[in-house]
Amino acid sequence: MPSLLSLKNAIYSKSYLQIIEQLTNLPPNTLTNTTIDCAINCHTKGCHLLCHDDVIGTRKISFIIYLTEVGWGRVDGGCLELYDAVQEEGDDDDNEKNSSSLTSNTSTSQGHVPTALPTKTILPNFNTMAYFVVKPGVSFHSVQEVFNVDKPRLSIQGWYHAKEQPDDIENATLQRLKSSGRGEDTEGEFEPLPPVVEKEKEASSEAISTSTSTPQEAESKPTTHNLSEEDINFLSQYMNKAYLSTESMNEIQKRFENESSVQLRHLLLDEWNTKITTAMNKEDTRDKLGNDRPALDYQVGIIDKWKAVGPAHKQRFLQYDELTKDDTTTTVANCSNTGEYLHHIRHTLFKSTAFGKWLGYITSLDYPLGQQGRVRRFRPGLDYTVAHYGVLTTHSVLDATLCFCAGNGEQCTFDEETNELVGSDDDAIWESGDVGGFECYIAADESGEDDDSGRDAEYDDEDDTRLLSVSASNNTLSLVYRDPGTMRFVKYVGR
């Protein structure tokens, strides 16, 4: 402890602050030693920090002194990841192609976001110090997941403070995550679904995207499901017939009305599930992902039509580039990889009138007129989404997620004697939440009482009210009725 106190006094001394100012091209006397802000961090296996810019209050320089074991390597993880700040897509600023980075002291943060992938990584080598200027909307960085089970990532981490907070603090990560203004939405626009053509009578319908009713209120509304024999025959080409009988649909409807959410396991026929999971496992083996294997290459899986999607302070995953939206292949034989299979399911099944009618029936929400969606791949050790106010809606919506992952898609049971989940190992680990991948719903704090003066201002989804967590489960359709004021995110997928 005496040695640590001596180190703290040395790195916060006036003479050392002057050295830091010279190294970072800051004007003399920018930094103050009246605020001592540092701590010892111990990151063990699985620990990580998502992308942020460190801007809170008067923070000016961020530093990390690494105390890891000698010989720390890439396979151990825990690298400091740095991101370029690029012009936000759709911004009308004349400097659309400009970018900023931690190596520049120019403040060009307005309308900038981090790239999806880091542009530089720094190993936490023993007895080294990393530092950078904290700039709103520019100093984006993260900490890679620690992969080594035996060696912790030990460090002294802290900040040097300025006398005043930056003028452009509104561009900081915290403020952007709590903004629902232009450019903050990452969900995309709703697209219309084919209208229902009633043969016997004209019936009213209401878009899910604009519905303000609850499932309970929807009970008294006129419905437009009227599933015909033709509809059932079409759906039965893809879906488990157990979900297409009147008895089962009524049972699902009752459960959804009571709970506003439901998980439908084994949704697709075995034919489709086998093809999709076989292709998925083949690609995971090719990419050396899963089964406790670290993702050491940020470019892994970015192949063919898969592209990395950011910005990293809000999300990162691979998205299938749907350049062939008019593809209407109807047989399994026409597909050869996971992206093509899921693309086909999304555009042929999920966008069909028959599926819309089926959703309207089992949820009592009437036929949906609009939809938005995409095909995503979450890579262990790399991908996630973050709860932010840009995903808040002004009207209630129905979230529908069809998930494929390792496991049988079975519901596990809980053994009170052993305090463990009973089921297949893969099903149990997803349901436990230990490796993330679950979709979490939280109520946003819309009080508007933000405090930017210190640590308490850091954005933490635990500060919001957790309403529901939906575990990842193979071949499972999750339906959740999301009210205005509710955010959702996919928890970082650990290795």
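Along the sequence shown, the residues carry numbers beginning at 1. What you see below is based on every heavy atom in this structure, not just the backbone, and it leaves out hydrogens, waters and symmetry mates.
When atom types are taken as modelled, the side chain of Thr115 and the backbone of Tyr83 share no donor-acceptor pair closer than 3.5 angstrom. Side chain of Tyr389 to backbone of Met487: no donor-acceptor contact under 3.5 angstrom is found. Side chain of Asn273 to backbone of Leu268: no donor-acceptor contact under 3.5 angstrom is found.
Here the NZ-CG distance, from Lys241 to Leu269, works out to 5.5 Å after rounding to the nearest 0.5 Å. Between the CD atom of Gln411 and the OG atom of Ser471 there is a distance of 8.0 Å, given to the nearest 0.5 Å. We find the CH2-CZ distance between Trp430 and Phe438 to be 11.0 Å, quoted to the nearest 0.5 Å.
Closest approach of Arg374 and Phe317 over heavy atoms only: CZ-CZ, 3.7 Å. When all heavy atoms are compared, the tightest approach of Leu398 to Phe256 is CD1-CZ, 3.6 Å.
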Practice task
Start with the C-alpha distance between Asp483 and Ser396, add both sets of side-chain angles, then the distance that settles side chain to side chain contact (heavy atoms under 4.5 Å, CB included), and finish with yes or no.
Solution key: CA-CA 5 Å; Asp483 291 311; Ser396 300; 3.4 Å; yes

Practice task
May I have the step-by-step check of salt bridge (charged side-chain N to carboxylate O under 4.0 Å, His left out) for Arg377 and Asp284, ending in yes or no?
Solution key: CA-CA 11 Å; Arg377 182 188 185 191; Asp284 283 347; 2.8 Å; yes

Handout entry: Ser142 vs Glu81, side chain to side chain donor-acceptor pair (under 3.5 Å): CA-CA, chis, key distance, verdict
Key = CA-CA 5 Å; Ser142 56; Glu81 303 170 319; 2.5 Å; yes

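Residues meeting the ring-ring contact (aromatic ring centres under 6.0 Å, His included) test with His266, sequence neighbours left out: none.
Taking the six-membered ring where tryptophan is involved, the planes of Trp272 and Tyr341 are perpendicular, since the angle between them exceeds 60° and thus also 30°. Ring pair Phe140/His313 is tilted by interplanar angle, where 30° to 60° counts as tilted.
When ring centroids are compared, Trp358 and Tyr361 stay outside the 6.0 Å threshold.
Applying the 6.0 Å contact sphere to CD of Glu251 captures no more than 12 heavy atoms from other residues, nucleotides or ligands.
At a threshold of 4.5 Å between non-hydrogen side-chain atoms, the residues Thr278 and Lys282 do not count as touching.
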